[in-house]
There are 2 protein chains.
Amino acid sequence: MSRQFTSVWTREPRSKPAGPGRSREEIVKAAIELLDAEGLTGLSMRKLGAKLMSGATSIYWYVATKDELLELAYDEVWSEITVPDPDETHWREVASVLAHSMRRAMLNHPWSADLLGRLPALGPNAMNVSERMRRAFRLAGFAGADIDFAGSTLTAYIFGMTIPEIAWETTVEGVWDTTAAQAALAKVADGHPELMRAIETAAPEDPRVMRAMAFDFGLVSVLDGLERRLTA
Amino acid sequence: MSRQFTSVWTREPRSKPAGPGRSREEIVKAAIELLDAEGLTGLSMRKLGAKLMSGATSIYWYVATKDELLELAYDEVWSEITVPDPDETHWREVASVLAHSMRRAMLNHPWSADLLGRLPALGPNAMNVSERMRRAFRLAGFAGADIDFAGSTLTAYIFGMTIPEIAWETTVEGVWDTTAAQAALAKVADGHPELMRAIETAAPEDPRVMRAMAFDFGLVSVLDGLERRLTA
DNA sequence: ACCTGAACACCGTTCAAGT
DNA sequence: ACCTGAACACCGTTCAAGT
C-alpha cells in the first residue's frame, strides 16, 4: 500500500519512439549483450552507459529504474519461445514444443533464471506465450480454473527443471574441473548410500545428455499426468 | 579452470566449534533473521555486523565470502522440510508430504527462491532430504538413472510452482492494492481473450486458496505421471 | 527533449594493525 | 585466536545544470 509497485508494462514509456536520441530497443539490446556475456552481476548502469558511449545516468531518461530495464530484457527471452498454433496442433505437441524451446531460451540466457523469482512476467511476449498455452489446454478439454492449473503445472515443471540446471552449469560445472567436482561430490555424499549410488550411475555419462534425458522423462510424466485429469 | 569454485561444504571451517568468540551458528541465525525480515537485499555484511554488535569485517573470520554465508543460511531452509521414512511409507505419501513441506519452507523464507538459481544445494540438510526421496523412489520400483529423473521431476515441480508464487506475493500482491492490481492486469491482458477469461474466472476467489489448489492439482498430476512410468 | 557530472548513500572484500 | 578500522573499487539513483 505505502510502497507503490510499478511494472514497466503498466505505464506509458516517457518518450514516443520517434525522438532523435537513443531508443529503448537500443538500450535493451545492449543490456542483453552485457547480461549474456557477464551475467546478472555483470550488468551495471555505469558499464551499460559506457557501452552506449553515454553517461551512466542518461539511461534514466528511458527507464525509471534498473529493475524496469531488467523487466524489458526478461521479456525478450520470452520472444525466443515458439508455441505451435493450438488450433492446428494436438495439445501434447504444443506443450512439448513450448517446453523444449523455453528450456533452450533459458539456457541461452542464464541470467533469466535469476529474474524468475524476482520479477513477474507481465510483458507482451510472456503474454503471447501464455495466451497460446491457455488456448491449447482449453481445446484439450480443460475448463475453468483447470486451464490455469494445467498451465501452471507445465511452466512450473519447465522452470523448476531448468533453473537448477543453470545453477549447476554456471557454478560447479563451469568452474570446477571434473575430477575436483567428483571428489567434492563424493565428500558431500558421504554417508548417503542412495546418493553415492546415484553418483556412480551417472559418472560415466555425459552430464548434459543426462540432463536432456531427465527433462524428457519428466516432461512425459507431467503430460501423462495432465492427460489423466482429462479422462478421470 | 582458472576461477576456482568453492562451496562452504567442500572445505573445513576455519575454527573448531569450541572457541571463545562468536560461532557460525550464531552468525547464520542472525543472517536468517535479517533475511526473513528484509529479504535478500536487506542482508549486508555491515548490517549483519551491527546486529551482532561487531565490526562488519569480523564475519570474515568465520566465513570466506557472503555467498558462503548464504549457502549456510540456505541449507537451514532445507532443515524445515519433513520427509516421512520411506521404508515405512508409500512413496506417493512420501512425495506428497515432502512437496507440501518444501513449499511451506520456501514460503516461510521467500529469499530462498532467489538462491535456488544461484547456489547449488550441497548442504547436509539438502542431502538428507534428497537421500530419503531417492530411497522412496527406489522402493517404489524405479531403478538406475530413473531414480534421479523421478526425483528431479518432483523437486522441479515444487520449485517451479513456488518460485513464481513468491515473486507474485512479494511484488504484485504485497504492494498493490487489489483494485490497482486488477486494473493493471486487465491492461496487460488486453487483446488476449484466454487471459481475460482466466482473470474473470479467478477474480472472485481468494488468490492464496487458488494457489494452494493449483499446487495440489499439479502435484497429483506429476505423481500420476510418475506412477505411469512404473507400470508402462 | 535529451544528456551530463557531481554527489549521496550505500555495497563486498582486503589487509595491516591491534589484543 | 580473534577483532578492528581504514581503504579500495565498486554500486543505483537524484538532481541541478547544461544544450
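Given the structure is predicted, the values throughout are model-derived calculations rather than measurements. Just so you know, these numbers use all the heavy atoms, side chains as well, and skip hydrogens, waters and symmetry mates. In what follows, chains are A, B, ... by sequence order, proteins preceding strands, each numbered from 1.
If you look at Phe215(B) and His100(B), their ring centroids are closer than 6.0 Å.
Residue order along DNA chain D, read from the 5' end via each residue's closest nucleotide, puts Gly42(A) first among Ala64(A) and Gly42(A).
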* Asked: Between Glu165(B) and Arg103(B), does a salt bridge (Lys or Arg N to Asp or Glu O under 4.0 Å) hold up when you go through it step by step?
  -> CA-CA 10 Å; Glu165(B) 188 173 350; Arg103(B) 172 169 179 264; 2.7 Å; yes

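Nucleotides dC3(D) and dA16(C) have their C1' atoms positioned 13 Å apart, rounded to a whole Å. On the C1' atoms, dA17(C) is 13 Å away from dC2(D), given to the nearest whole Å. Taking atom P on both nucleotides, dA9(C) is separated from dA9(D) by 22 Å, rounded to a whole Å.
An OP1 or OP2 oxygen of dT4(C) is reached within less than 4.0 angstrom by a side-chain nitrogen or oxygen of Ser58(A). Within the 4.0 Å cut-off from OP1 or OP2 of dT4(C), not a single side-chain nitrogen or oxygen of Thr57(A) is found. An OP1 or OP2 oxygen of dC3(D) is reached within less than 4.0 angstrom by no side-chain nitrogen or oxygen of Trp61(B).
If you take CE of Met45(A) and C1' of dT14(D), they are 13 Å apart, rounded to a whole angstrom. Between Lys66(B) atom NZ and dT14(C) atom C1' there is a gap of 17 Å when expressed in whole angstrom units. In this structure, Tyr60(A) atom OH and dA16(D) atom P are separated by 17 Å, rounded to whole Å.
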* To do: Dot-bracket notation for DNA chain D is requested: 5' to 3', Watson-Crick or G-U wobble pairs only, both distances under 3.5 Å, with ( ), [ ], | and . as defined.
  => ||.|||||...|||||.||

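A donor-acceptor distance shorter than 3.5 angstrom exists from the side chain of Thr10(B) to the backbone of Ser7(B), with no hydrogens or angles considered. In terms of modelled atom types and a separation under 3.5 Å, the side chain of Asn125(B) and the main chain of Asp75(B) share a donor-acceptor contact.
Of the charged side-chain nitrogens involved, none lies within less than 4.0 Å of a carboxylate oxygen, so that Arg132(B) and Glu194(A) do not count as a salt-bridged pair.
Counting any heavy atom pair closer than 4.0 Å across all strands shown, Leu69(A) reaches no nucleic acid atom.
Within a 6.0 Å radius of NZ in Lys51(B), other residues, nucleotides and ligands contribute more than 12 heavy atoms.
Taking the side chain as every heavy atom from C-beta outward, Met127(A) and Trp78(A) never approach each other to under 4.5 Å.
Relative to the side chain of Tyr62(A), the nucleotides dC3(C), dG12(C), dT4(D) differ in distance, and dC3(C) lies closest. Distances were taken from every side-chain heavy atom of Ser44(B) (C-beta onward) to each of dT13(C), dA7(C), dG12(C); the shortest belongs to dG12(C).
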